[in-house]
Protein chains: 2
Amino acid sequence: MSILNSAAAVLRCFGAECTELTVMDTVEKLGIPKSNASRLLRAMRDAGLLETIGQTKRFRPGVLVLDAAISYRRSSSLVERAAEAVAKISTATGHTGYVSKLIDTEVAAVTDHPGTHSLRVVSNIGRRLTAHGSGTGRALLALLSDDEVRALFADGIVPPSDLSPQSIDEVLERLAEVRRTGVSFSAQESTRGVDALSVAVRDPETGEAVALCIVWPAALATEEDRKTIETMLLDGAAEVSAALGDRTLRKR
Amino acid sequence: MSILNSAAAVLRCFGAECTELTVMDTVEKLGIPKSNASRLLRAMRDAGLLETIGQTKRFRPGVLVLDAAISYRRSSSLVERAAEAVAKISTATGHTGYVSKLIDTEVAAVTDHPGTHSLRVVSNIGRRLTAHGSGTGRALLALLSDDEVRALFADGIVPPSDLSPQSIDEVLERLAEVRRTGVSFSAQESTRGVDALSVAVRDPETGEAVALCIVWPAALATEEDRKTIETMLLDGAAEVSAALGDRTLRKR
DNA sequence: CAGAAAGTTGCAAAAAATGGAACTGCGGTT
DNA sequence: AACCGCAGTTCCATTTTTTGCAACTTTCTG
């Protein structure tokens, strides 16, 4: 395996449950000899991908990673605008919101907007969900054709919970509903006690797609609240879409 | 040069003025043969460090980088707490604020908090300043001893502006003043028309240091306003310091 | 549709990473 | 104070990757 992939694997270790690494952590997580782990971490630090915490022997991502991440948002007007729209809804409702993307067959949050309610869903950005087994994922899958979805899950699916679709055919049924209503609702599917509503938007110019998503404690919102969130999400998505459409027109 | 350093160099290209890269951009910026640039970008994409924009041949940082950056913010309670303190001051005064760190001989902003005044200093996170030639930098340098500072700039300094210290000795004079007052003031030094006030804090446990910094249009603040900001910064820094101190005590 | 520019691939030489074992440094123990 | 165990580092021959050039293919552009 090239050192680049090892480096990427190291970066992948950092997530919700792991914020720093030692040489031995790396040995265990990647299953490589510790001589390599030692050199790998040092090389990554020298390159700026990692930094040592104070004068300890523990490592965490470096500032270089931070700068690049900031640049990411700017590089995509789709993500940028989607983040603004979600931030607005998050502030208005007090619930936590995300902007997410499809990465192969998984969903990854790209920006998060923590809610303000005292009982709120804690932001767990970095956690990956299966595309077929999450509301956000199905919002994004609904942009594809049934054939494309079948091709994507050619190896079959493993439903992450009893509440998720149990077969490709069930997934497609749910997708049909998403296409009809424009929104994807998920009731306590990925996280117990948490409902989520997602709407997908595609940038007509680049083909890139993201989902706007609001999550809330199921106990906290009435049917009416849900309707309100749905309207705000659809309006937000429409605004994003309009802004991107305008841009496309302007360029021609 | 190892591919890891090349990869880091690619990530370094992304910044305020560059949000996406092509093979030829990479060739020019890094001065490498285009065969390598081509393979490097592809390898980085396969590793998840980059992603292609839509179906074009342009690249930007990948989600992996994003996730790692989020983890970075979480991992450093010093940065997190400092960010909270700066956010509070930023909101109260309407001015833009930063949390910054020393990276070798430069200063890099780690989080930003855009102000709310209609005339505000626009956040330029990612921009690097020389440590000796910026108020924030000197706030951080003041934590070191004179000998350490001399060692750091053993190769001599290049003053970024006429208003900056022109020699190591002048830098040390300014540092002495910073140590005496606890704050570092810079009048229109790094950016014309912009004043800045910075205070450094060190985590007693890890030795890590950051600076809290508030910047404002010089024309907009009276001497009294400056005093207010100074007090808020010192209070904020004291709070952060206390929080970290408490944590250390609790652990023992 | 020709010509140019951007991007990709093949190949041998050069550079790097690898893994095992030996070594260092540090805190705790007898 | 010598010893032990553990985390981390260094050494070195072997294996693997990377490099740069040139030839090739694809994609723009006029």
Pairs flagged by ring pair (Phe, Tyr, Trp, His ring centres under 6.0 Å) wherever residues 131-154 of chain B is involved - sequence neighbours left out: B/His132-B/Phe153

Heavy-atom closest contact (A/Ser71 atom, B/Cys18 atom, distance): OG-O, 3.8 Å

Proximal nucleotide (of D/dT9, D/dA7, C/dG7) relative to the B/Ser38 side chain: C/dG7

Gap between atoms CG and C1', on B/Asn5 and C/dA15 respectively (whole Å): 13 Å

Inter-axis angle, terminal five-pair segments of the helix from C/dC1-D/dG30 to C/dT30-D/dA1 [nearest 10°]: 40°

Nearest-angstrom distance from the residue atom CZ of B/Arg42 to P of D/dT25: 16 Å

Extract from the structure each pairing of a protein N or O with an N or O of nucleotides 13-20 of chain D at less than 3.5 Å, listing the distance.
| unit_1 | atom_1 | unit_2 | atom_2 | d |
| --- | --- | --- | --- | --- |
| D/dT19 | OP1 | B/Met1 | O | 3.2 |
| D/dG20 | OP2 | B/Asn36 | ND2 | 2.7 |
| D/dG20 | N7 | B/Arg39 | NH2 | 3.1 |
| D/dG20 | O6 | B/Arg39 | NH1 | 3.2 |
| D/dG20 | O6 | B/Arg39 | NH2 | 3.1 |

Qualifying salt bridge (Lys or Arg N to Asp or Glu O under 4.0 Å) pairs, either residue in residues 138-156 of chain B, two or more places apart: B/Arg138-B/Glu189, B/Asp146-B/Arg179, B/Arg150-B/Asp169

Polar atoms only, N or O, under 3.5 Å: list the protein pairs with nucleotides 26-30 of chain D and their distances.
none

Sub-4.5 Å side-chain heavy-atom contact between A/Thr22 and A/Lys57: no

Short N-O contact, A/Lys88 and A/Glu239, less than 4.0 angstrom: yes

Interatomic distance where CE belongs to A/Met44 and P belongs to C/dA17 [whole Å]: 13 Å

Gap between atoms CD and C1', on A/Glu28 and D/dA7 respectively (whole Å): 12 Å

Charged tip of B/Arg60 within 45° of B/Phe14 ring normal and under 6.0 Å: no

Salt bridge A/Asp104-A/Arg128, side-chain N to carboxylate O under 4.0 Å: no

Nearest atoms (heavy-atom pairs only) where B/Leu78 meets B/Val240: CD1-CG1, 3.9 Å

Residue pairs fulfilling salt bridge (Lys or Arg N to Asp or Glu O under 4.0 Å) with at least one residue in residues 20-31 of chain B, sequence neighbours excluded: B/Glu20-B/Arg58

Sidechain-backbone polar pair: B/Ser184 side chain, B/Gly135 backbone, donor-acceptor under 3.5 Å: yes

Nucleotide D/dT25, atom C1' - distance to NZ of B/Lys34 in whole Å: 11 Å

Check: B/Ser38 side chain, B/Lys34 main-chain N or O, donor-acceptor pair, under 3.5 Å: no

For atom CG of A/Leu41 and atom C1' of C/dA17, their distance in whole Å: 15 Å

